[in-house]
Protein chains: 2
Amino acid sequence: MEIYKNEKRQRYLEEYSIGYLFTFRIDEFLEVHEYKRDEWIIQEGTRPDFLFYVIEGKAKIYVTHQNGKVSLINFINEEDFFGEMELLNPIYYTKGVQASTKTVCFAIPFHRCRAKMLEDATFLRELAKFLSVKSTQMAAKYTQSLSFPLENRLADFILQTADGEVYKEKHVTVCDFLGVSYRHLLYVFAQFCDKGYLQKEGRRYRILQPNELNGLARVLMNE
Amino acid sequence: MEIYKNEKRQRYLEEYSIGYLFTFRIDEFLEVHEYKRDEWIIQEGTRPDFLFYVIEGKAKIYVTHQNGKVSLINFINEEDFFGEMELLNPIYYTKGVQASTKTVCFAIPFHRCRAKMLEDATFLRELAKFLSVKSTQMAAKYTQSLSFPLENRLADFILQTADGEVYKEKHVTVCDFLGVSYRHLLYVFAQFCDKGYLQKEGRRYRILQPNELNGLARVLMNE
DNA sequence: TCCGCAATATGAGATATCTCATATTATTGT
DNA sequence: ACAATAATATGAGATATCTCATATTGCGGA
């Protein structure tokens, strides 16, 4: 982890200003942190000292279960907060957050800003909006996972994450995210290839029939 | 649905004051609504006109999927909000909310209070806290549902909802909540009885070995 | 009181998904 | 450049869960 100082810090503060999210002057409190790919930004089970706001890169939220299984709860993208649970709730089991790519965040120190943030209607409104979206998404994912087989959820995931007509996510990550075994994930990929929806190219897949995938994915949605 | 007026309304305002959740005077805006058991408080897919706060009774949030399956997303209990998604997000697919028992709520009209609420740091802080807990719970339920078989989740549910050593939830509701088929739910209940954890009494179950259930349930938790 | 619907129950067969074992490739650190 | 580790791949067998068919039981409304 690297902390940007002076001009470099200043450059980020100007380029990615988040002043509009607050009523008070936040800039003087902001630290700018850079994390390398695969670096853990927050360790599972420990309490972070900052509220984070992602400005470049992306990250993943993980939890480890008692049976050793790991779940990828969600992806964190640019303009997302994390660490907000610890800001609001005195007791909370902290999930692990790992950078998927080089990631630059604003880090807002709790000890200097907690009180101010918790009094700031502008910030709280944005935070509440962010949380309501997050909670809705989780609820949707939850009910979908219980109501539809992997086929549908995977079709959706492929379309969401494809880069043009090329899909190239790592299977191991997807297993944790969709909550299925590696073996089963491959079965369903094989089916999609058999049916001609996808074509395997090395370790990527080319989407040949997006409409078919769309049909499978659309079934999930209404929300 | 019945709207309490005059003295009856006044009595509720005094007995269950929620003034502490707001900086501005909320009382004059509050309506007091009573819903009968099984009545729909919010219709799925329509926009409500109120933010609700439950003072007596409980309710259930439902969503209907395209394949006809119904998911019970969550229970709403006393002191919970609902309708907050519609307060914060201009576009949102509204879930259905149904009273499980006779339910009395404060109903805060959007058209008169939205602007005030969205400026009120006290209210927004409470709302953010409520949402963060909700979102955390959903995330937990989501990952648990993907990581553990029904056996564990049902054990937890039985202990959470049992009245002393008697469990008496309706199977059909539990199916929607835990996202499993009626058939499978009964299989697992039969297993619990076989193993001597539960004993069937008419259409209730007596918990004979809470420790065994606890062992199954504890595996879920770390959060 | 009786009818009809909702809830409960149970069997049989299908399928979605998991576990484990074992190979074969990438990728990464030194 | 090589060894170690992570990721991909595939088979075989188990099990968690679903669908559908069919009965039985409880309960609220006419």
Side-chain angles (χ1 to χ4, degrees), chain A residues 36-39 60 62 65 67-72 98 100-101 143-155 157 167-195 198-205 216 219-220, chain B residues 36-39 60 62 65 67-72 98 100 102 143-155 157 167-195 198-205 216 219-220:
Chain A
K36 288 195 285 286
R37 180 154 73 86
D38 293 341
E39 191 173 357
K60 294 172 283 189
Y62 281 104
H65 299 278
N67 63 0
K69 263 201 195 177
V70 169
S71 294
L72 201 188
Q98 185 186 32
S100 321
T101 64
T143 63
Q144 288 165 7
S145 75
L146 294 175
S147 303
F148 299 96
L150 180 61
E151 180 177 52
N152 301 94
R153 296 180 290 130
L154 181 59
F157 183 79
Y167 169 90
K168 52 185 173 188
E169 296 299 317
K170 279 206 285 204
H171 289 332
V172 281
T173 306
V174 179
C175 290
D176 290 342
F177 185 62
L178 297 179
V180 294
S181 68
Y182 189 89
R183 190 66 191 84
H184 189 55
L185 183 68
L186 287 220
Y187 273 133
V188 178
F189 265 107
Q191 281 175 36
F192 283 177
C193 292
D194 276 356
K195 292 181 184 164
L198 297 179
Q199 181 177 333
K200 199 164 172 193
E201 298 185 345
R203 51 190 47 199
R204 302 180 166 193
Y205 294 81
L216 289 172
V219 167
L220 296 184
Chain B
K36 288 194 285 286
R37 179 154 74 85
D38 294 340
E39 192 173 356
K60 296 173 282 190
Y62 281 105
H65 299 277
N67 63 0
K69 264 201 193 176
V70 169
S71 293
L72 201 187
Q98 185 185 33
S100 322
K102 176 187 130 178
T143 62
Q144 287 165 6
S145 75
L146 295 174
S147 303
F148 300 95
L150 180 61
E151 180 178 53
N152 300 94
R153 296 180 291 130
L154 181 59
F157 183 79
Y167 169 90
K168 52 183 173 189
E169 297 299 318
K170 279 206 284 207
H171 289 331
V172 281
T173 306
V174 179
C175 290
D176 291 341
F177 186 61
L178 297 179
V180 294
S181 67
Y182 189 88
R183 190 66 190 84
H184 189 55
L185 182 68
L186 286 220
Y187 272 133
V188 177
F189 265 108
Q191 280 175 38
F192 284 176
C193 292
D194 275 355
K195 292 181 185 166
L198 297 179
Q199 181 177 334
K200 198 162 172 193
E201 299 185 343
R203 50 189 49 197
R204 302 180 165 192
Y205 294 81
L216 288 172
V219 167
L220 297 184

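Naming: A, B, ... by sequence-line order, numbering from 1 per chain. Here the structure is a predicted model, which means the values were calculated and not measured.
Annotation: of the two residues near DNA chain C, A:L185 and B:E169, the 5′-most nearest-nucleotide partner is B:E169. Nearer to the 5' terminus of DNA chain D, by closest-nucleotide assignment, is the contact made by A:L186 (compared with the other of A:L186 and B:R37).
When the C1' atom of C:dA16 is taken as reference, atom CZ of A:R183 falls 13 Å away, rounded to whole Å. Between the P atom of D:dA7 and the NZ atom of A:K168 lies a distance of 18 Å, rounded to the nearest Å. Between the P atom of C:dC18 and the CD atom of B:E151 lies a distance of 16 Å, rounded to the nearest Å. As a whole-Å value, the separation of A:R204 CZ from D:dT8 P is 12 Å. When the P atom of C:dT28 is taken as reference, atom CD of A:E39 falls 16 Å away, rounded to whole Å. Atom pair A:Y205:OH and D:dA7:P shows a separation of 15 Å (rounding to whole Å applied). As a whole-Å value, the separation of A:D194 CG from D:dT10 P is 11 Å.
Heavy-atom neighbours of B:K195 NZ from other residues, nucleotides or ligands within 6.0 Å: above the threshold of 12.
Rounded to the nearest 0.5 angstrom, B:D38 CG and B:K60 NZ are separated by 6.5 Å. B:R204 CZ to B:Q199 CD: the interatomic distance, rounded to the nearest 0.5 Å, is 14.0 Å.
For A:L150, counting side-chain heavy atoms from C-beta on, the closest listed nucleotide (C:dT17, D:dA9, C:dT19) is C:dT17. Closest contact between the side chain of A:R153 and the listed nucleotides C:dT17, C:dT8, D:dC18 involves C:dT17. The nucleotide whose nearest atom lies closest to any side-chain atom of A:Y182 is, among C:dT10, D:dA9, D:dT17, D:dA9. Side chain of B:K69, nearest nucleotide from D:dA12, D:dT19, D:dT8: D:dT19. The side chain of A:V172 has D:dA7 as its nearest neighbour among D:dA7, C:dA7, D:dA12. Among C:dA9, C:dT8, D:dT8, the nucleotide with an atom closest to any side-chain atom of B:K200 is C:dA9. Here the nucleotide nearest the side chain of A:R203, chosen from C:dT10, C:dA26, D:dG11, is C:dA26.
Residue B:H184 places no side-chain N or O under 4.0 Å from the OP1 or OP2 atom of D:dT19.
B:F157 does not carry B:R153 over the face of its six-membered ring by the limits of under 6.0 Å from the centre and within 45° of the normal.
Aromatic pair A:Y167/A:F192: ring centres not closer than 6.0 Å.
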